[in-house]
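Quick notes on the structure that follows.
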Amino acid sequence: MQSPTNGAYAAHNAYLAAELRLPTNWLDYTILGIYFVVVLGIGFAARRSVRTSLDFFLSGRSLPAWITGLAFISANLAATEILGMAANSAQYGAYTVHWYWIGAIPAMVFLGLVMMPFYYGSKVRSVPEMLLLRFDKWAHLLSSALFAFAAILIAGVNLYALAIVVEALLGWPQWVAIVVAGAFVLAYITLGGLSSAIYNEVLQFFVILAALIPLVVLGLKKVGGWGGLTDKLTAEHGANFTTAWGGTGIGSANPLGANWLTIVLGLGFVLSFGYWTTNFAEVQRALSAKNLSAAQRTPLIAAYPKIFIVFLVMIPGLVAAALIPGFGTADSGYQYNDAIPYLMEQLLPNGVLGIAVTGLLAAFMAGMAANVSSFNTVFTNDIWGRYVQRGREDEYYVRFGRLITVIGVCASVGTAFLASSFSNIMSYLQTLFSFFNVPMFVVFIVGMFWKRASAKSGFWGLLAGTVAAMVNYFWIYKQGIIGIPTDQGANFVSAIVGFVAGAVVMVAVSLFTAPKPAEELQGLVYGTTSPGMSEPPAAGDDAWYRRPALLGWGAVVLAAACYIPFSF
């Protein structure tokens with residue numbers, strides 16, 4: 001898939017503004033206004049609970065599992081999920097289910113059952129801080145810098161996606177949409193810190209569902225139900241377009257441009273585990289839980305709605321592809337990212353339209369807030385507080401955290417337009433994940449399961465994995481050294497290359513450098529424990545729904561069962 005030129009893209013946006021303008025009225029804007037008032041109200045209410053830096057950055061580690069679990073899934077249910085996965089479905093078909101049932105659920109269960117005891121038990125405030133304890137300051141500094149940079153890029157994706165959608169649907173200029181959304185996110189995070197972000201993410205989760213469910217129902221009705229949808233797509237794109245595994249044999253052609261091996265290893269293992277287990281924008285929600293049991297249950301509670309959300313984001317993309325032949329190509333006049341806006345304009349009446357627009361804004365704001373709140377935590381604690389201004393009073397770091405939030409939002413406005421060269425924003429996001437999350441994951445996984453991994457191996461493994469993934473994407477793929485059919489296929493390969501390169505370099509460096517003393521590895525390597533990892537269960541924590549292992553395996557079994565109808 002080739003990226004459009006800037007001129008073509010500008011012309012396309014002008015077309016959108018004319019063709020997809022929504023017939024909004026006072027009712028729709030009233031619903032939108034009420035939502036913004038509630039969002040700011042939550043920010044002001046949360047401000048009263050912010051007394052220390054722990055309150056601002058991790059909600060004082062006091063939140064119940066159901067709150068953090070919904071915030072965990074809502075932080076992911078953003079531009080990545082809604083526009084991106086609908087675009088994926090319009091372009092690649094039912095292969096989108098892989099991003100959920102193999103590309104999310106196993107990694108979320110692994111995070112809850114295996115990794116959260118290490119994160120929560122060590123009392124770290126961020127994911128990069130874990131590398132400081134396991135390796136050394138160089139691995140910590142590099143991981144902090146890479147994560148802060150990636151967080152701003154991803155926040156920019158959400159702002160950019162919001163701007164093009166709001167311009168198309170409501171007629172607002174892009175700069176107005178960016179400023180309004182950025183200002184509201186800035187306001188409630190600056191006021192209430194992570195607590196404000198999390199409680200707003202819980203609200204946003206339900207608003208997003210209220211927006212997507214009518215779109216799915218009316219879309220299926222428009223195309224004659226699921227049977228009518230699959231018949232039209234099969235006739236237009238072939239039988240493999242409506243299956244999960246059809247045509248994925250090695251050497252076979254399929255819309256995704258990837259075979260079963262790159263799907264399982266590249267997406268199901270490397271990209272998936274890299275994102276869900278080391279992305280601090282997600283892990284931060286679990287670290288804010290009130291105890292270890294609640295922290296473990298956070299990603300497991302989130303896994304259950306994640307299993308079914310695929311239908312809410314995949315079906316609109318499939319419906320758009322069925323209604324307009326060649327949807328996403330130059331002849332159709334639409335990009336793949338236009339699937340959701342197109343259906344909103346075609347199907348939704350006033351009132352429901354207001355809820356849908358509010359849901360889209362909520363999704364973009366949730367994604368941006370998750371990345372900005374994680375950015376301010378990492379930059380304040382892991383970079384500024386660790387290497388620039390050490391040992392200052394607690395109030396100073398709260399003030400600086402608010403200041404860096406302002407800077408982060410402004411920076412994300414600048415990075416928003418980097419996403420404009422991708423007609424499928426999911427491709428852009430997966431590219432970022434292969435560069436930044438996968439190398440961090442390989443450092444974590446080797447360090448967690450291999451005691452011999454030396455302190456110096458963390459830095460060199462992280463650097464090698466990042467560079468190798470970028471070389472594969474920008475040189476081997478973009479320069480045509482090796483033919484890879486699609487951007488997504490290239491992302492899977494880049495992820496595998498980055499993982500292997502990071503692991504090989506870590507092993508090589510470890511063999512020639514001294515390991516850390518065994519007493520410094522307690523609670524940081526599998527098979528060792530720390531006091532926080534062995535805390536006794538609280539009263540009443542023996543109920544089945546409070547058992548992380550039972551919840552985790554239940555999610556895996558349910559996800560596996562959902563694969564069956566889409567397998568062939």
Side-chain angles (χ1 to χ4, degrees), residues 47 50-61 119 122-156 182 185-186 189-197 278-281 283-284 287-288 368-415 432 435-437 439-440 443-444 447 455-463 466-467 516 520 524:
R47 181 182 176 86
V50 177
R51 298 181 180 87
T52 68
S53 60
L54 187 65
D55 294 332
F56 187 79
F57 295 117
L58 285 179
S59 301
R61 285 198 171 102
Y119 282 137
S122 62
K123 303 300 181 186
V124 296
R125 291 193 175 195
S126 70
V127 168
E129 188 178 352
M130 193 74 180
L131 293 186
L132 176 65
L133 299 180
R134 176 60 183 88
F135 296 101
D136 61 13
K137 68 176 183 179
W138 299 111
H140 172 247
L141 183 58
L142 179 59
S143 64
S144 300
L146 289 175
F147 175 80
F149 182 63
I152 292 300
L153 288 176
I154 296 170
V185 171
L186 176 62
I189 294 180
T190 304
L191 286 170
L194 184 63
S195 293
S196 178
T278 66
N279 183 20
F280 186 49
V283 175
Q284 188 181 28
L287 288 179
S288 66
M368 182 182 177
N371 283 283
V372 169
S373 62
S374 59
F375 164 79
N376 68 24
T377 301
V378 168
F379 196 94
T380 301
N381 292 320
D382 294 282
I383 298 177
W384 193 262
R386 176 72 59 174
Y387 300 105
V388 182
Q389 291 286 340
R390 301 185 64 176
R392 295 291 298 269
E393 65 278 8
D394 197 63
E395 292 80 4
Y396 169 83
Y397 296 112
V398 175
R399 292 195 303 271
F400 184 82
R402 290 192 165 112
L403 172 63
I404 202 63
T405 300
V406 176
I407 295 173
V409 170
C410 294
S412 66
V413 171
T415 62
L432 295 180
F435 293 168
F436 300 115
N437 291 97
M440 191 175 296
V443 173
F444 264 90
K456 295 184 181 300
S457 69
F459 171 82
W460 292 108
L462 183 58
L463 182 62
T466 303
V467 171
K516 294 193 77 168
E520 295 182 18
L524 302 175

Practice task
Please work out whether the ring planes of W138 and F459 are parallel, tilted or perpendicular, with thresholds of 30° and 60°.
Solution key: perpendicular
Handout entry: From T377 atom OG1 to L287 atom CG, the distance as rounded to the nearest 0.5 Å
Key = 10.0 Å
Fill in the blank from the handout: Nearest heavy-atom approach of V443 to G461 is CG2-C, 4.0 Å
Problem - Non-hydrogen side-chain atoms of R386 and K137 separated by less than 4.5 Å - result: no
Exercise for the section: Look at atom CZ of F149 and say whether more than 12 heavy atoms of other residues, nucleotides or ligands are closer to it than 6.0 Å. Expected result: no
Handout entry: N381 backbone acceptor or donor facing Y397 side chain under 3.5 Å
Key = no
Practice task
Kindly assign one of parallel, tilted or perpendicular to the pair F147 and F280, based on the angle between their ring planes and the thresholds 30° and 60°.
Solution key: perpendicular
Practice task
Could you tell me whether the side chain of I404 reaches within less than 4.5 Å of the side chain of F375, counting heavy atoms only?
Solution key: yes
Exercise for the section: Sequence neighbours left out, what passes side-chain hydrogen bond (donor to acceptor under 3.5 Å, both in side chains) with S457? Give chain and number order. Expected result: S510
Handout entry: Rounded distance (nearest 0.5 Å) linking atom CG of D136 with atom NZ of K516
Key = 7.5 Å
Problem - Side chain proximity check, H140 to F135, heavy atoms < 4.5 angstrom - result: no
Exercise for the section: Taking only Lys NZ, Arg NE, NH1 and NH2, and the carboxylate oxygens of Asp or Glu, determine whether E393 and R399 approach each other closer than 4.0 Å. Expected result: yes
Exercise for the section: Answer whether the closest heavy-atom distance between the side chains of I407 and F379 falls below 4.5 Å. Expected result: no
Practice task
For S143, check side-chain hydrogen bond (donor to acceptor under 3.5 Å, both in side chains) against everything at least two apart and list the hits.
Solution key: none
